[in-house]
Amino acid sequence: MIIVLNPATTPEQIAELTQEVEQEACTMCPIQGKFILVFGIVGDTGRLDRERLLNKTYVEKILSVQEPYKKANRMFHPENTVISVGGASIGGNRLAVIAGPCSVESEEQIVAIAQSVKASGATLLRGGAFKPRTSPYSFQGMQAEGLELLKIARQETGLPIVSELMSVQMLDLFVDSVDVIQIGARNMQNFDLLKEVGKTNKPILLKRGLSATIEELLMASEYIMAEGNEQVILCERGIRTFETYTRNTLDLSAVLAIKRLSHLPVVVDPSHAAGMWWMVEALSKAAVAVGADGVMIEVHNDPAHAKCDGAQSIKPERFTVLMQSLKELARIEGRVV
Ligand code: PEP
Ligand code: MN
């Protein structure tokens, strides 16, 4: 941390600041300047109250040298984190392919989709049981019954299941039912929820918020990890921009940035990014090309009648074709599907 002081700062004020900094076991190191007073602060600067320091009239600005996230930071954990879920792993050389409907609609629907995506090579099954819908009048998901149906689909196919948790109240039910707990884009900064899932030992799929920066996403993962759960999978799912043609704008450069900044696995959800089924295949390939650790794809057997997100869902036949291209592309990228 670097603190820049007003040139008119008095020796008494510097002494006051030094005392506060040293109280937190940090040291002030003067940096020689002709017209400005600058100090480098050494030690665990996370202990210092930035706002309190900034409130001092003689403090001009405070600059951070290190990122505010520690556990998610690649600097302190250079090797990639690999997360094992059931028979699948996320973050290693093998790409994770999470596929399934936006929401669970019936036993026949979820089991049929699970069987077909499994046959095409998917490694995990997704399906929403509790749905975060913009309108309270839209289908809210099958709720607890949906989780039961996902468990049946897991039993039929062996695929580990991923489903979104929206409320702390349902946490125990999710811990008992699913293999990966998804935290949706709308809850990325629901800090109470993040802290609670951080106390579980379930892998967490954390989706990037609609207007969250990369640093905010990493800080959200830090909330989970700070509670002891270091099994976090990050998901780029498109962000809101001025563009309205697509549902969101897929930020593929975020994958590159996150892989550089953090050791956590990153997957891409092209379905929610594009909002249109015909873009999903090409965007999935682009995700693999930029080095994502996997993709999350909405697949529905009857998109025209889907209760949620039909327009962005691909049919099982298209998913089979997509898996073929991903296999070929993965080979070129030195990875496997
Ligand atoms: C979903 O995965 O079904 C979902 C609601 O995604 P997001 O939170 O990214 O909108
Ligand atoms: Mn959806």
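Atoms within a ligand are numbered from 1 in the order they appear, just like the ligands themselves.
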S.K.: Go through the structure and list residues passing side chain to side chain donor-acceptor pair (under 3.5 Å) with Lys56, not counting sequence neighbours.
M.R.: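 Applying side chain to side chain donor-acceptor pair (under 3.5 Å) to Lys56 gives Glu20.
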
S.K.: Take every heavy atom of Arg208, measure it against each atom of ligand 1, and state whether any distance is under 4.0 Å.
M.R.: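 Not so, Arg208 does not reach ligand 1.
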
S.K.: Return the residue, atom name and 0.1 Å-rounded distance of the protein heavy atom closest to atom 5 (C) of ligand 1.
M.R.: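 Minimum-distance protein heavy atom for atom 5 (C) of ligand 1 reads Glu164 OE1, 3.7 Å.
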
S.K.: Is the closest N or O pair between Met296 and ligand 1 shorter than 3.5 Å?
M.R.: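 By distance alone, the answer is no.
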
S.K.: To check your reading of the model: name the closest protein heavy atom to atom 4 (C) of ligand 1, its residue, and the distance in Å.
M.R.: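 Scanning the protein heavy atoms, the shortest distance from atom 4 (C) of ligand 1 goes to His272 NE2, 3.4 Å.
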
S.K.: Indicate whether the side chain of Ser64 and that of Arg50 have a donor and an acceptor atom separated by less than 3.5 Å.
M.R.: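 Yes, Arg50 and Ser64 have a side-chain donor paired with an acceptor closer than 3.5 Å.
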
S.K.: Nearest non-hydrogen atom to atom 6 (O) of ligand 1 belongs to which of Glu236, Lys207, Arg133?
M.R.: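 When every heavy atom of Glu236, Lys207, Arg133 is considered, Lys207 comes closest to atom 6 (O) of ligand 1.
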
S.K.: Between Ile152 and Ile110, is any pair of side-chain heavy atoms under 4.5 Å apart?
M.R.: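 Answer no - side chains too far apart.
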
S.K.: For atom 10 (O) of ligand 1, which of the options Arg247, Glu298, Lys131, Arg237 provides the nearest non-hydrogen atom?
M.R.: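 When every heavy atom of Arg247, Glu298, Lys131, Arg237 is considered, Arg237 comes closest to atom 10 (O) of ligand 1.
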
S.K.: Atom OG1 in Thr200, atom CG in Leu171: separation rounded to 0.5 Å?
M.R.: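 Thr200 OG1 to Leu171 CG: 6.5 Å, rounded to 0.5 Å.
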
S.K.: Do His272 and Gln312 have side-chain atoms, one donor and one acceptor, less than 3.5 Å apart?
M.R.: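 Side-chain D/A pair, His272 to Gln312: present.
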
S.K.: Do any N/O atoms on Arg126 end up under 3.5 angstrom from N/O atoms on ligand 1?
M.R.: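 Yes - when backbone and side-chain N and O of Arg126 are compared with those of ligand 1, one distance drops under 3.5 Å.
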
S.K.: Under 2.8 Å from the Mn ion (ligand 2), which protein N, O or S atoms do you find? Ignore water molecules.
M.R.: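 Checking every protein N, O and S atom gives Cys102 SG, His272 NE2, Glu298 OE2, Asp309 OD2.
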
S.K.: Assess, by modelled atom type and distance only, whether the side chains of Asp251 and Ser253 contain a donor and an acceptor separated by less than 3.5 Å.
M.R.: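 The criterion, which ignores hydrogens and geometry beyond distance, is satisfied for Ser253 and Asp251.
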
S.K.: Hey, which atoms in ligand 1 end up nearer than 4.0 Å to a heavy atom of Arg186?
M.R.: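 Within the 4.0 Å cut-off of Arg186, ligand 1 contributes 7 (P), 8 (O), 10 (O).
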
S.K.: Are any of the N/O atoms on Asp269, whether in the backbone or the side chain, positioned under 3.5 angstrom from an N/O atom of ligand 1?
M.R.: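 No - when backbone and side-chain N and O of Asp269 are compared with those of ligand 1, no distance drops under 3.5 Å.
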
S.K.: With no hydrogens and no angle check, do the side chains of Glu328 and Ser325 hold a donor and an acceptor under 3.5 Å apart?
M.R.: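 The answer is no; no qualifying pair exists.
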
S.K.: In sequence, state the C-alpha distance, the side-chain angles, and the governing distance for Cys102 and Lys131, and then conclude on side-chain contact (heavy atoms from CB on, under 4.5 Å).
M.R.: CA-CA 9 Å; Cys102 180; Lys131 295 303 303 175; 3.2 Å; yes

S.K.: I need the atoms of ligand 1 closer than 4.0 Å to a non-hydrogen atom of Ala185, numbered in the order shown.
M.R.: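 Close to Ala185: 7 (P), 8 (O), 9 (O).
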
S.K.: Give the numbers and elements of all ligand 1 atoms closer than 4.0 Å to a heavy atom of Gly184.
M.R.: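 The atoms of ligand 1 under 4.0 Å from a heavy atom of Gly184 are 8 (O).
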
S.K.: Could you pull out the closest heavy-atom pair between His263 and Asn73, with the gap in Å?
M.R.: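 Closest pair (atom of His263, atom of Asn73, distance): CD2-O, 3.5 Å.
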
S.K.: Which heavy atom in Phe319 sits nearest to a heavy atom in Val97, and how many Å separate them?
M.R.: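 For Phe319 and Val97, the tightest heavy-atom pair comes out as CZ-CG1, 3.7 Å.
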
S.K.: Is ligand 1 under 4.0 Å from a heavy atom in the side chain of Gln182, in the backbone, in both, or in neither?
M.R.: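 Just the side chain.
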
S.K.: Taking all non-hydrogen atoms of both residues into account, name the closest pair between Ile297 and Ser271 and its distance.
M.R.: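 So the two residues come closest at CA-OG, 3.6 Å.
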
S.K.: In sequence, state the C-alpha distance, the side-chain angles, and the governing distance for Asp179 and Lys202, and then conclude on salt bridge (charged side-chain N to carboxylate O under 4.0 Å, His left out).
M.R.: CA-CA 7 Å; Asp179 299 291; Lys202 289 278 168 186; 5.0 Å; no

